[in-house]
Asks: 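Provided herewith is a single structure, encoded as structure tokens, for subsequent inquiry.
In each ligand, atom 1 is the first atom listed, and ligand 1 is the first ligand listed. No hydrogens, no waters, no symmetry mates; every other heavy atom, side chains included, goes into these values. Computed from a predicted model, the values in this text were never measured in an experiment.
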Amino acid sequence: AEGAMRQMQKMDAVGQLTGGIAHDFNNMLSVVISGLQLLDKRLARGETDVQRYIDGALDGARRAAALTHRLLAFSRQQPLDPKVVEPGSLVAGMSELLTRALGERIETRIVAAAHLWRIHSDPGQLENAVLNLAVNARDAMPDGGRLTIDCSNVYVDEEEARCYDLPAGEYVTIAVADTGEGMSEEVVARAFDPFFTTKGVGRGTGLGLSQVFGFVRQSGGHVKIESAVDEGTTVRMYLPRYYGEEPGQRLPRAIDATLPH
Ligand code: ADP
């Protein structure tokens, strides 16, 4: 049943993705078509001053090409290669990379609870997800600010779990918080959509958060956004605790049975 669930989630993501692409691609095609129609009309009337219609059509075609390139990069996404991961060490190991990626005007803090649980996840993709979130945080703080990455152990109870479509139980959260411009409710509602971006042509791809979403769901977890305009944003990933065999470790069996691995 779990395999089927996974497959459905994958299909969901694919459906969402193709819907988003079809929409954007269609917009670009209509730019090309209307440019060529205008060109056709002007040429039929014997006009020669038609460069702008050619340029317009070319621009639309180039944008469509750029879109398919991004799509290819996206679909090359690696399948998960899960390992037992200590999330605190993984995030701590990124501190130099983060300093380089974020620049000097952003003060970065990494906080990890003592005795943080382990998780079973693809470490490379988890790093990518954290980096994606950190770069979004940087973009939301053009005048500088504070980035906090907080790793904690949490218990998700039945009620909360239902909201996240997860089994109740023990999770590690990795929260990436910024003191940036925040997001309106409308932006929060669409933020995980593939190709949704507010960053303007050439700057944002709109694929960062949808990749994070896909990765976290595939890992059996959840990701949510808490944001207030002009105050900041926290993106919180929930990843299921890993109960591995370890010499001398007592296994909390009651919860173990309900958690996917
Ligand atoms: P991109 O960064 O390429 O725009 P994402 O999928 O990563 O694509 O993000 C989608 C949108 O969500 C962004 O364009 C931005 O509007 C919003 N967003 C994401 N992270 C943050 C953040 N930390 N603060 C404010 N807005 C954010």
Asks: Could you pull out every protein residue that has a heavy atom closer than 4.0 Å to ligand 1, ordered by chain and then number?
Replies: Asn136, Ala137, Ala140, Asp178, Gly182, Met183, Val187, Ala191, Phe196, Thr197, Thr198, Lys199, Gly204, Thr205, Gly206, Leu207, Gly208, Leu209, Thr233
Asks: Using modelled atom types and a 3.5 Å cut-off, is there a donor and acceptor pairing between side-chain atoms of Arg138 and backbone atoms of Ala101?
Replies: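 Pair found, side chain donor or acceptor close to backbone of Ala101.
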Asks: For a quick check under 3.5 Å, do Glu170 and Tyr243 share a side-chain donor-acceptor pair by atom type?
Replies: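 A pair is found: one side chain offers a donor N or O, the other an acceptor, under 3.5 Å apart.
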Asks: Could you go through the side chain to side chain contact (heavy atoms under 4.5 Å, CB included) check for Thr173 and Cys151 one step at a time?
Replies: CA-CA 6 Å; Thr173 58; Cys151 305; over 6 Å; no
Asks: Is the side chain of Asp122 donor-acceptor paired with the backbone N or O of Leu80 at a distance under 3.5 Å, no angle test?
Replies: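 Pair absent, no side-chain N/O of Asp122 close to backbone of Leu80.
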Asks: Under a plain distance cut-off of 3.5 Å, with no hydrogens placed, do Arg241 and Tyr171 share a side-chain donor-acceptor pair?
Replies: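 The criterion, which ignores hydrogens and geometry beyond distance, is not satisfied for Arg241 and Tyr171.
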Asks: Apply the test side chain to side chain contact (heavy atoms under 4.5 Å, CB included) to residues Leu126 and Leu90: give CA-CA distance (whole Å), side-chain angles for both, the deciding distance (0.1 Å), then the verdict.
Replies: CA-CA 9 Å; Leu126 181 54; Leu90 180 133; 3.9 Å; yes
